[in-house]
Amino acid sequence: MGASQSGRAEHEFQDLSDRTRFSLEQVNNLNKRFRQLSNNKETLSREDLASLPDLDNNPIRLQIINAFFDKRNLSQDGVGIVQEISFEEFLMVLSHFQPAAMDITEDNREKLRREKLRFLFNMHDTDGNGIITLEEYRQAVEELLSKAGTIDPDTVKAIADAAMLEVASTTRGKMEPDEFYEGITFEHFLQILKTLNIESTMHVRFRNLDTGNMRCGK
Amino acid sequence: MPVGALSHSPRGSRGFLERGLLLLVVLVFLEGIALPLGAASSPDTSARNGAAGHGQPDDHGGKLNETHEKKAFPVLKLEYAPIRMPFEISLWVLLASLMKLGFHLIPRLSGIVPESCLLIVVGLLVGGLIKLAGEEVPPVLDSKLFFLCLLPPIILDAGYFLPIRPFIENIGTILMFAVIGTLWNAFFVGGLLYAVCQIEGTHLSQVELLPCLLFGSIISAVDPVAVLAVFEEIHINELLHILVFGESLLNDAVTVVLYHLFEEYAAAGEVTVMDTFLGVIAFLIVSLGGVAVGAIYGILAAFTSRFTSHTRVIEPLFPFVYSYMAYLSAEMFHLSGIMALIACGAVMRPYVEANISHKSHTTIKYFLKMLSSVSETLIFIFLGVATVAGPHAWNWTFVSVTVILCLVSRVIGVVGLTFIINKFRIVKLTTKDQFIVAYGGLRGAIAFSLGYLLDKDHFPLRTMFLTAIITEVFFTVFVQGMTIKPLVDLLAVKKKQEAKRSINEEIHTQFLDHLLTGIEDICGHYGHHHWKDKLNRFNKTYIKKCLISGERYNEPQLIAFYHKMEFKQAIELVESGGGVKMPASVPLQVSMQNIQPKKQPPPDADRALPQFTKSREEEIRKILRSNLQKTRQRLRSYNRHTLVADPYEDGWGDYLLKKQRMVDIEKRMTQMTNYLTVPAAPSDSPTLRRTRLTSDPSAFFTKAPPGTVPTIQVELASPQSPDSVNLVDESSKKGVSAQGPGPKSGADPTKEQGRMVNPPSAGKGETGEEKEGEGKNPALLRCLSDPGPSNEDEEDEPFLS
């Protein structure tokens with residue numbers, strides 16, 4: 001509230017902005033939002049996110065919330081789950097959703113794609129062993145269909161099975177009857193989702209201008 | 001059919017061309033001969049009545065009236081006049097179709113020259129021949145004919161199959177190009193043309209500003225027909241395709257308003273600010289009104305299709321009629337008919353497709369494609385004929401300046417607009433993209449028809465305008481149309497991805513949608529995804545309930561997609577499995593057991609699985625193999641109707657019961673895959689293998705004597721049942737509630753025989769399963785409840801899709 005405070009915050013934000021590729025205005029706006037969500041505390045906890053009314057209709061809300069507290073998304077080699085995150089970590093998770101720059105090189109595009117797909121992969125791979133097993137995939141499909149009324153669990157299983165089979169067929173080709181396909185590794189994941197052009201589709205428009213009122217639309 | 005006969009000719013392609021031309025000449029001369037004869041026997045040419053000697057009014061019966069001249073009873077008469085109109089129309093359509101056939105018999109040609117060019121050349125030839133024959137070339141590209149009959153099918157085809165997702169995602173860009181781009185083009189071309197005309201030495205100083213602007217507005221609109229025709233062959237990526245194509249569709253509103261504006265005031269001679277203001281309002285009304293009219297008719301069509309489950313035969317009619325009425329209603333109010341058609345098609349499609357049977361869906365698709373293809377062909381041929389018909393007033397300056405200006409203004413417009421648009425787009429448009437968008441702005445028959453509509457009195461230079469329009473159209477279609485394909489290859493523009501959508505992609509697309517919506521909510525601003533999500537939910541809770549019949553409205557998109565995919569695979573399997581000789585034993589690539597985690601011991605398996613001895617296995621294997629081989633032929637001759645029995649209401653629960661049992665038996669069967677090598681069809685995806693097993697009706701039809709082999713009496717599931725595939729879940733061990741094959745199948749041996757689903761009484765106890773099964777089978781119910789037009793259905797390709 002004093003000049004020194006805001007000065008320090010400025011410096012911090014600049015630092016954050018450099019590290020996460022957000023612009024200064026975006027960092028500012030997100031900070032305001034962070035404060036709103038966390039009721040002006042320094043850290044954000046699960047309950048803060050879970051109490052958002054907008055998320056109620058989202059079938060995969062739990063997975064989204066978990067993604068924020070998943071250490072794998074917060075740093076390169078993190079493992080496990082945290083209970084609360086700071087603003088910096090909030091920004092790091094959100095930075096996965098930045099769009100690709102216009103003049104991005106091919107290598108960087110590939111890196112960006114891997115980063116984003118890694119985020120998705122981590123959302124599915126709930127036990128953190130680096131492989132999406134059949135059970136985990138089934139869980140994901142079930143969550144996806146959870147808001148759609150009464151779904152027959154057999155159908156869910158069938159869909160997940162078919163998807164798994166497809167991955168196995170495209171990546172492993174022919175398999176002997178006694179060979180076993182443990183699950184989707186990250187490389188396989190990359191392969192099957194190549195056509196989605198993740199680097200162009202997985203992004204959210206972050207506000208550059210100062211929106212005083214949270215509810216203001218585009 | 002002459003062309004068909006030609007295909008047996010040992011000569012090469014030259015023979016085709018010669019004979020094609022010969023046929024052409026014959027047709028034209030036939031017409032040429034027929035015309036004077038028609039005139040002769042026409043009743044309203046009274047001067048010839050007496051001369052011809054028939055002297056009768058229209059009635060054909062040969063009644064003798066007051067004339068005392070008694071002639072012999074005419075055994076053969078030629079009277080062309082009554083059938084003249086339909087005859088000529090049919091001749092033209094026949095000509096167009098034969099030409100189209102002919103082009104595809106000459107493979108090299110269609111690779112180099114786009115079809116539209118060839119068709120225009122044919123039109124030119126036909127027009128030339130007609131002129132040579134001394135007849136007057138009929139005014140074929142009459143605006144009424146064009147706008148009322150030839151254009152709607154093409155636009156409806158485009159609108160019905162419009163890829164909604166990319167369209168909506170790029171709607172801002174498309175609107176910018178369509179509205180601002182067209183306005184820019186119109187004023188730039190019109191204005192500069194006027195300036196050029198004012199220059200001394202061109203002898204064009206009598207051209208006024210307003211006619212120039214009108215001309216500019218006619219010539220500046222990108223034409224959807226030409227774009228479709230050319231872009232269809234070059235297969236560029238979806239983004240560019242939807243940009244150019246969307247622009248060509250949406251600029252109709254601008255064109256309509258500008259055209260009417262300038263036409264009205266060209267007489268008055270000046271346009272005030274008030275008029276321009278009214279013009280802007282008119283534009284909003286024209287475009288939004290057109291869309292509204294289309295949407296209303298679309299909803300009506302969707303609503304109607306909800307009730308057509310009992311009269312499947314006329315089902316395909318409704319989309320066509322409603323769309324055409326939308327078009328006509330919009331035209332009635334001078335709203336944009338094209339936008340109405342697009343809106344109608346796009347709005348009604350998801351609901352209609354959820355309601356109609358698969359046969360109707362196929363019918364609609366093929367009929368639309370056929371109509372639009374014929375229309376397109378006719379349009380290009382008529383363009384050629386109309387060019388020959390003239391009248392022309394060639395003016396070097398005017399025409400060349402027009403062509404150059406159009407190109408220049410298009411390039412400037414696209415580059416300028418992209419610069420602005422890229423500030424708002426996430427996926428920016430590169431220079432290559434801009435080039436393709438600019439180069440793909442083809443003009444076509446709409447411009448010509450609009451020019452044709454001009455009133456001669458108000459626009460004394462109408463002929464010069466027409467000549468210039470035709471030249472511009474020819475230039476774009478020939479030069480740009482022919483060179484765009486090599487340019488696309490040269491610039492290595494990204495092409496369309498041919499791969500079919502896999503289930504993984506579908507799952508993750510949906511996942512991504514929800515994820516991005518969630519992130520937006522967390523970040524607190526309501527962006528794209530939020531509103532899209534809201535719209536989807538609104539759609540699901542309210543709209544779908546009204547417009548989709550039965551239980552289907554509840555079906556989430558993923559499940560619908562999965563059903564469709566399995567269905568398609570089942571169809572492919574049936575079609576391919578028909579005549580193919582099976583190899584003795586082909587190991588599968590990947591099957592469920594490869595995926596199933598080994599660590600889960602199947603506890604129930606021992607209980608449920610009957611203990612087979614080696615000899616029994618052998619017998620089972622032999623029987624299955626022999627039956628599978630036998631049924632290869634039988635599959636082909638399978639008739640949809642013997643399966644589609646009447647009592648779908650009563651026998652339904654029964655049917656489901658059988659299916660459930662089939663599922664159980666399948667589960668057990670696949671546990672035996674280690675031991676049995678059931679020969680697999682060549683298409684080898686594991687899901688396909690499952691579908692094959694389930695879809696083979698007699699595969700499991702074992703007449704094995706009870707006692708030696710445990711009676712595996714499996715159901716004759718129809719190949720069309722997607723749900724029988726869904727329910728097959730080899731890995732689930734739950735609820736295999738010890739239904740041994742013995743007691744159940746022993747109880748009703750009559751059920752499994754034959755293919756008719758007879759409703760015996762034993763279904764009463766299984767109401768629980770019935771209900772559960774019914775929820776699973778809306779797709780099946782829909783599909784099977786369409787008996788088709790008659791009971792003798794064509795057998796060859798029952799499931800063309």
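Just so we're on the same page: letters track the sequence lines, and every chain starts at 1. Scope of the values below: all heavy atoms of this structure, side chains included, with no hydrogens, waters or symmetry mates.
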Parallel, tilted or perpendicular: ring planes of His508(B) versus His124(A), cut at 30 and 60 degrees: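 Perpendicular, since the angle between the ring planes exceeds 60°.
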
Heavy-atom neighbours of Glu169(B) CD exceed 12 at 6.0 Å: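 Atom CD in Glu169(B) is packed in, count exceeds 12.
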
Residue part contacting chain A, namely of Ile507(B), when any heavy atom lies under 4.5 Å: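 Both parts, backbone and side chain.
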
Minimum side-chain heavy-atom gap Leu512(B)-Leu120(A) below 4.5 Å: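 Counting from C-beta outward, Leu512(B) and Leu120(A) do come under 4.5 Å.
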
Spacing of His96(A) atom NE2 and Ile519(B) atom CD1 [to the nearest 0.5 Å]: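 Answer for the NE2-CD1 pair, His96(A) versus Ile519(B), is 10.5 Å.
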
Minimum heavy-atom distance His514(B)-Ile64(A), with the two atoms named: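 The pair with the smallest heavy-atom distance is O-CD1, 3.9 Å.
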
Contact origin within Glu143(A) toward chain B - heavy atom pairs under 4.5 Å: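 Neither part.
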
Which portion of Phe90(A) sits near chain B, non-hydrogen atoms under 4.5 angstrom: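 The answer is the side chain of Phe90(A).
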
